[in-house]
Amino acid sequence: MAYDPPLSGIEILDLTAGPITAVGRLLADLGAHVTSVHLAGVTAADTTGPRIDGVRIGTAINRHGIPPTEIDPSTPAGQQAWAELVATADILIENTRPGSAAEESLAVKQIHADHPALVILSISDFGRDTRYRDWQATTPVLHALTSELSRSGIPGQPPLVPPSADLPYHVAAAQAAFFTLAVFLDRLRTGTGDLIDFSVLEGAMQTLDPPFGTAGSAAAGVPISEQQRDWIAEQQRYPIFSCKDGHVRMCVLAKRQWQGMFEWMGRPAEFADPKFNSLRERFASATLFGAIEQFCADKTRAELELAGQRHGVPTAAVLSLAEALSTEQVAARGFFRETELSPGLTAPVPVGVVEIDGHRASNLNITAPGHRRLRDAPTLTARARSDLGLPLEGLRVLDLGVIVVGSDTGRLFADLGADVVKIENSAFPDGLRISLTRMTQAYAAGHRNKRSIGIDLRSEEGRALAHQLVAQSDVVLSNFKPGVAAALGMDHATLQQVNPGIVVVDSSAYGATGPWAKRLGYGPLVRAAAGFTELWTYPDNPDAFCDTVTVYPDHVAARIGALSAVALLLRRERSGGGGSASVAQAEVMLSHLADDIAGEVLNRRGHARDNQPARDAPWGLFPGAGDDAWIAVTVRDNADWSALCAVIDRPDLAADAELGSRAGRDRQRARLDAALSAWTSRHAPVDAMVQLQAAGVPAGAVLHAVEVPTWDYYVERRAFREELHPHGTAPFMMENVQIHADLIPDPPLGQAPLLGEQTREVAAELLGLDDQKIDELIARAVLEVPAAAAHSGR
């Protein structure tokens with residue numbers, strides 16, 4: 001079947017510059033006709049990525065295959081050309097700096113008033129509706145203010161900034177793209193667009209390693225909000241062991257995994273006590289991890305990976321990025337393609353981060369002209385829509401997802417108004433459910449606004465009931481190991497026979513195809529196999545891997561899955577048919593390193609890298625007054641340098657001619673770091689941040705998770721809310737606002753369900769079953785209700 005790009009027929013004007021051009025890249029890869037507009041006096045000249053032969057590689061990748069146009073609105077011809085472009089566009093994306101002449105010249109609110117059907121994505125570092133609108137960000141500043149840095153690195157040393165120079169922008173781009181398509185889908189049925197005020201900081205906070213979102217099993221039951229940098233605990237959660245030719249990472253969290261490890265080690269008497277079935281006991285053991293290290297010492301990474309999988313102990317080699325790119329899985333999946341980024345400059349570039357109907361969704365694969373402009377939504381317009389104004393009202397989503405990716409993908413739909421029904425069974429409960437009778441913060445955060453029906457999909461009757469739900473649904477979400485959905489009769493090939501319009505989205509560790517497809521994969525193991533773990537280290541301590549306390553890339557992979565689902569729903573409005581989307585978490589990560597990968601390959605091929613320092617100075621993390629107190633400070637240019645010298649009262653540095661250039665400051669980096677540290681160490685990080693930002697210097701206090709909800713910025717943006725759950729032991733803090741837009745309210749207040757809490761409701765409403773039939777199915781365990789309800793009638 002020929003590939004039909006899902007966003008074909010959608011016209012997008014992209015005025016952005018810098019790393020956030022990743023938004024346009026995602027939408028172009030899904031088939032939208034994106035035009036890169038350089039509007040004189042408005043569009044910035046910011047570029048991103050390493051500079052090779054004079055070409056900024058990140059920008060070249062993001063803009064590859066996207067037609068550019070230059071317009072000067074100061075001329076009559078330019079004004080007319082701009083007016084015609086806006087009049088025929090569906091979506092406009094811009095990132096003028098708040099308070100700038102460019103923002104005033106673009107006048108996005110006037111455009112919104114003049115073109116009410118246009119969907120406008122207005123991006124800025126801190127949003128446009130708070131008193132922080134003039135603040136400026138860089139990657140370390142964003143990492144600091146999301147609280148991610150408070151969990152990264154070794155205690156006593158500066159927090160460790162994760163790999164990928166633009167990582168916060170990459171993850172935020174996925175969220176921005178999803179929000180934009182959700183609003184556009186609603187515009188097709190209402191005729192009214194909207195103006196989205198998107199903050200990169202919030203996108204990064206919610207999508208990289210959210211302090212009050214869903215947390216993976218690596219947290220071992222400890223909420224991220226309560227975690228501190230704890231090197232011992234980090235080593236235990238997903239331990240990394242030395243072996244004959246490097247390192248391997250293992251997952252020994254579940255009881256069955258420990259029992260597999262015990263058998264693999266030859267059932268050593270020292271650990272035969274049943275108490276070691278307890279995760280707490282294993283963590284408390286003074287000898288267990290040393291014994292595993294000794295067991296691994298004479299074995300190669302490949303031997304350990306193979307034997308670990310055979311014993312049910314998820315194991316992954318810690319690969320370098322070069323090794324990761326040369327694996328049989330990357331080769332089999334065809335994720336990279338040699339692409340000419342500029343005349344004479346050809347490098348491997350990712351071919352899209354999602355597969356649509358088995359085809360790579362990439363601008364590189366679009367050969368046929370696009371469809372006519374998409375103007376309406378016949379399927380969705382026929383659905384009831386309340387006065388709440390949530391963009392995905394009228395959609396029904398069946399959620400089979402588990403842990404973080406699964407919970408987040410469905411929750412994104414639920415928060416925007418879709419009826420999300422989670423199908424689950426107590427024989428194989430979601431790993432986020434620590435208990436079937438009480439609620440945890442992570443589960444409450446990931447499954448709010450959903451309904452739960454307990455169905456045994458292993459039974460023929462259960463599958464038949466699930467298929468009845470599919471017939472009345474729009475989207476099915478799962479993130480099983482490849483092959484499991486098919487065994488349960490919930491794969492796309494089966495479900496499209498039930499409902500030709502169904503959209504099925506799956507997510508897995510390494511992808512649905514290739515020799516690694518059925519490997520047991522968890523986020524930390526995927527990071528190890530994709531080369532990310534090896535990069536997340538201090539330069540002077542390459543064996544101290546610091547990526548354990550994070551759930552990256554789960555949250556961003558969920559956004560990619562949700563984005564793909566909405567794209568396919570848009571195609572359904574055009575074609576009437578559904579489709580499938582498949583996301584590989586390893587490939588999502590590799591896409592975030594695309595410019596680094598291309599740059600390294602080009603260097604090896606003899607192309608010249610710009611000899612300018614990659615970063616200005618000072619640039620990094622500096623100590624603040626107090627225990628484990630840090631602040632990110634980043635000088636970008638001479639203006640920042642002059643402002644910094646004034647704030648820290650060092651006119652001598654400002655007058656030093658050697659420090660008047662980026663190259664000179666780079667040569668004196670250690671001296672400048674010492675001077676800045678002497679000043680920051682006398683100030684509380686928040687106070688230092690405020691002073692520096694007031695002078696225009698990007699700076700961010702390293703917030704701890706518990707500080708995030710009370711920081712004035714997040715309070716102004718209504719970023720968090722507290723919830724008292726009837727099945728929880730204490731109030732839960734969780735995220736609140738998803739989209740800041742003129743017409744979209746805050747998410748509903750529906751609370752996460754117990755397993756099967758709405759079984760009777762859903763069975764009666766959607767399956768048409770009467771009480772007697774429901775009771776019979778519950779008695780035979782085809783349907784399931786919460787444990788307490790099963791023994792008390794109803």
Between [atom1] on residue [X] and [atom2] on residue [Y], distance to nearest 0.5 Å:
X	Y	atom1	atom2	value
Gln585	Ser507	CD	OG	4.0 Å
Leu621	Gln157	CG	CD	11.5 Å
Asn62	Asp166	CG	CG	8.5 Å
His143	Leu160	NE2	CG	10.0 Å
Leu743	Leu195	CG	CG	9.5 Å

Intermediate values then yes/no, side chain to side chain contact (heavy atoms under 4.5 Å, CB included), Leu593 and Phe532: CA-CA 9 Å; Leu593 294 168; Phe532 226 84; 3.5 Å; yes

[Y] backbone acceptor or donor facing [X] side chain under 3.5 Å:
X	Y	answer
Asp209	Glu148	no
Thr207	Ala204	no
Tyr238	Leu525	no
Asp742	Asp194	no
Arg249	Pro524	yes
Thr533	Ala528	yes
Asp430	Ile403	yes
Arg438	Thr729	no
His725	His727	yes
Tyr443	Ser407	no

Please report the closest heavy-atom contact between [X] and [Y], naming both atoms and the distance.
X	Y	result
Ser164	His170	OG-CD2, 3.9 Å
Gly410	Asp399	CA-OD2, 3.9 Å
Leu390	Pro748	CD1-CG, 3.7 Å
Arg433	Ser452	NH2-OG, 4.5 Å

Is the shortest side-chain heavy-atom distance between [X] and [Y] below 4.5 Å?
X	Y	value
Ser150	Leu703	no
Met689	His683	no
Phe289	Ser285	no
Val183	Phe179	no
Leu692	Val633	yes
Leu436	Leu754	no
Pro158	Phe622	no
Asp408	Asp554	no

Val353 and its side-chain contact (heavy atoms from CB on, under 4.5 Å) partner, picked from Val583, Ile560, Val556, Leu590: Ile560

Partner of Asn736 by side-chain contact (heavy atoms from CB on, under 4.5 Å), out of Leu749, Asp746, Asp415: Asp746

Side chains of [X] and [Y]: donor-acceptor distance under 3.5 Å anywhere?
X	Y	result
Trp536	Ser152	yes
Asn95	Thr16	no
Ser122	Asp197	no
Gln206	Gln175	yes
Tyr552	His592	yes
Thr21	Arg25	no

Pairs flagged by salt bridge (Lys or Arg N to Asp or Glu O under 4.0 Å) wherever residues 629-647 is involved - sequence neighbours left out: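 For residues 629-647: Arg636-Asp640.
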
Arg131 atom CZ: more than 12 heavy-atom contacts under 6.0 Å: yes

Criterion side chain to side chain contact (heavy atoms under 4.5 Å, CB included) on Ile93 and Ile20, from CA distance to verdict: CA-CA 10 Å; Ile93 310 172; Ile20 207 63; over 6 Å; no

From CA spacing to verdict: side chain to side chain contact (heavy atoms under 4.5 Å, CB included), Arg717, Glu202: CA-CA 9 Å; Arg717 295 281 283 185; Glu202 281 169 277; 2.5 Å; yes

Distance flag, aromatic centroids of Trp711 and Phe720, threshold under 6.0 Å: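 Centroid distance Phe720-Trp711: not below 6.0 Å, so no.
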
Ring centres under 6.0 angstrom apart (Phe732, Phe212):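 Aromatic pair excluded; centres sit 6.0 Å or further apart.
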
Test log, rule side chain to side chain contact (heavy atoms under 4.5 Å, CB included), inputs Tyr714 and Met205: CA-CA 10 Å; Tyr714 289 119; Met205 184 270 290; 3.8 Å; yes

side-chain hydrogen bond (donor to acceptor under 3.5 Å, both in side chains) between Tyr713 and Ser199, intermediate numbers included: CA-CA 11 Å; Tyr713 169 79; Ser199 157; 2.7 Å; yes

Which residues share a salt bridge (Lys or Arg N to Asp or Glu O under 4.0 Å) with Arg128, sequence neighbours left out: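 Once residues adjacent in sequence are excluded, the partners of Arg128 under the salt bridge (Lys or Arg N to Asp or Glu O under 4.0 Å) criterion are Glu94, Glu103.
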
